[in-house]
Protein chains: 2
Amino acid sequence: MEQSRSKEQAILAAAEQEFMTKGFDGARTISIAKAAGVTHAMLHYYFRSKENIFERIFDEKMRLLSQSVLEAFEQQGLSLEERLRKGIESHFDYIAKYPGLPRFVVNEVMSRPERHEMMQRRIGPMFESITKGLQRELDEAADRGECERMDVRMLMLDIVSLNVFSFIAMPIIEPLVGDLAVDRETFCRLRKQENVEVIMRRLKKL
Amino acid sequence: MEQSRSKEQAILAAAEQEFMTKGFDGARTISIAKAAGVTHAMLHYYFRSKENIFERIFDEKMRLLSQSVLEAFEQQGLSLEERLRKGIESHFDYIAKYPGLPRFVVNEVMSRPERHEMMQRRIGPMFESITKGLQRELDEAADRGECERMDVRMLMLDIVSLNVFSFIAMPIIEPLVGDLAVDRETFCRLRKQENVEVIMRRLKKL
DNA sequence: GTTTGCATTAACAATTTTGTTAAATAAAAT
DNA sequence: ATTTTATTTAACAAAATTGTTAATGCAAAC
């Protein structure tokens, strides 16, 4: 039947909304069922437990979060400066598109230590693959005197901090943001520009 | 009696631990009671409800978070560069001392929209008082050609992003951090230094 | 010593939340 | 058409969680 697949999808879509906004502890299976337009027994039929539904959502989100960094900085065939600039912008755009992603993943990893290991297995290799190539490029540029010498891991932490924090802390920095830019789009444009500027200056040879 | 005050304090201390690590939804009043060494009816006797205990904790944490920024940057009688450097370091140290603070406040504000307004009433004036003076100093320094001209709100967002993000996302960036510095203290020293460097370069006149 | 008021306990009530199942229904296969 | 399989519902079970109260203890005040 075709209905069944669509109901399963409806449940997952509703669960995504519920878990992302309220977290595992705050989420209610009955709310998920209601939002999906099914009885809550259907959740048991398709997924057996709240935990199972959550894992489906969480795994996907963890994957997307890793991807957000990996995808942004994997572009080859550019100058170091262009690669970084494009990487920062691309990463920023991704986070701006899914602003709830980092907070959700961080929280659920934090509140369940058993997920630490799983998270690290997924994040570890990703960072290796990015940093390896980038560190060599950085070193070569520094050798040629084109930029400052620095640890690429510190650089990546700078970039991610700048790109992600505004969105994580949005409810708190809102008064500051609202004053800074009337609409969200303007804020994102200005903020992205600022982040690129900060990183470029960090690397500039003095 | 003297016991009563100490029990009340024991409950609050246990509640702080419970709420900070698990959030409002994940916290269990019975766990708080156990950790405080009292029956759970005592919680009702002293505070009436879970909500009331939570508010006591939350209000205090919100206050501390505001203070972390305000206190760091209010020092007068220094050159702009020194004021910023000391401010960044002082703010970093505060967050490093209470690393769970930002995540807790952000999450609880996020999951309860009715707190947005309250938060903004507390954060808004604080930012005004800091940014007003700083923006003038910045402008004057820029007039003298000593530094780049920029919006102090963007600058503050840069600083707070760099100082806070590592601690919020610690469980995720751990593999990167562990590689970077063997112990926490070393990481904090390096990271603080990096954050100061980034901001100083951001302002340097080119 | 009795009374008064606060602190504490144990038992319980109410609600919520998740999980389960047997029966009903619809669809598909033979 | 009949059998078989998959889907759906309604009712229920079990556990957890918060909130409540009546009874008890206990120390200080009178």
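Chain naming here is simple, since letters A, B, ... match the order of the sequence lines and numbering starts at 1 in each. Heavy-atom basis, side chains included; hydrogens, waters and symmetry copies ignored.
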Calculate the interatomic distance between [X] atom [atom1] and [N] atom [atom2]; express it in whole Å.
X	N	atom1	atom2	value
Phe47(B)	dT18(D)	CZ	C1'	16 Å
Arg28(A)	dA16(D)	CZ	P	15 Å
Arg48(A)	dT7(D)	CZ	C1'	15 Å
Tyr46(B)	dT18(D)	OH	C1'	19 Å

Rounded distance [0.5 Å steps], [atom1] in [X] versus [atom2] in [Y]:
X	Y	atom1	atom2	value
Thr39(A)	Tyr45(A)	OG1	OH	12.0 Å
Phe73(B)	Ser90(B)	CZ	OG	7.5 Å
Ile88(A)	Leu162(A)	CD1	CG	8.5 Å
Asp139(B)	Asp151(B)	CG	CG	9.0 Å

Going by an N to O cut-off under 4.0 Å, is there a salt bridge joining [X] and [Y]?
X	Y	value
Glu117(A)	Arg121(A)	yes
Glu60(A)	Arg63(A)	yes
Arg112(A)	Asp25(A)	yes

Q) Between residues 49-60 of chain B and DNA chain D, which residues have a heavy-atom gap below 4.0 Å? A)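 The answer is Ser49(B), Lys50(B).
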Q) Considering only heavy atoms, which members of residues 30-45 of chain A lie under 4.0 Å from some atom of DNA chain D? A)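 Residues of residues 30-45 of chain A under 4.0 Å from DNA chain D: Thr39(A), Ala41(A), Met42(A), Tyr45(A).
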Q | Any Thr29(B) side-chain nitrogen or oxygen under 4.0 Å from OP1 or OP2 of dT18(D) | A |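 Result: yes.
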(Q) Less than 4.0 angstrom between a side-chain N/O of Lys7(B) and OP1 or OP2 of dT8(C), yes or no? (A)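 Answer is yes, contact under 4.0 Å.
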Q) Which angle, rounded to 10°, do you find between the first-five-pair axis and the last-five-pair axis of the helix from dG1(C)-dC30(D) to dT30(C)-dA1(D)? A)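 Taking five pairs per end, the axes differ by 10°.
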(Q) Once you measure the plane-to-plane angle for Phe187(A) and Phe167(A), does it fall in the parallel (<30°), tilted (30-60°) or perpendicular (>60°) bin? (A)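 The rings of Phe187(A) and Phe167(A) stand perpendicular, inter-plane angle above 60°.
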Q: Report the relative orientation of the aromatic rings in Phe24(B) and Phe19(B); use parallel for angles under 30°, tilted for 30 to 60°, perpendicular for over 60°.
A: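 Ring orientation, 0 to 90° scale: parallel.
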Q: Give a yes/no verdict on a cation-pi contact between Arg115(B) and Phe58(B), requiring under 6.0 Å between NZ or CZ and the six-membered ring centre and an angle within 45° of the axis.
A: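 Yes, cation above the ring, under 6.0 Å and within 45°.
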Q) side chain to side chain contact (heavy atoms under 4.5 Å, CB included) with Tyr94(A): which of Leu65(A), Leu101(A), Val69(A)? A)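 It is Leu101(A); the other options fail the test.
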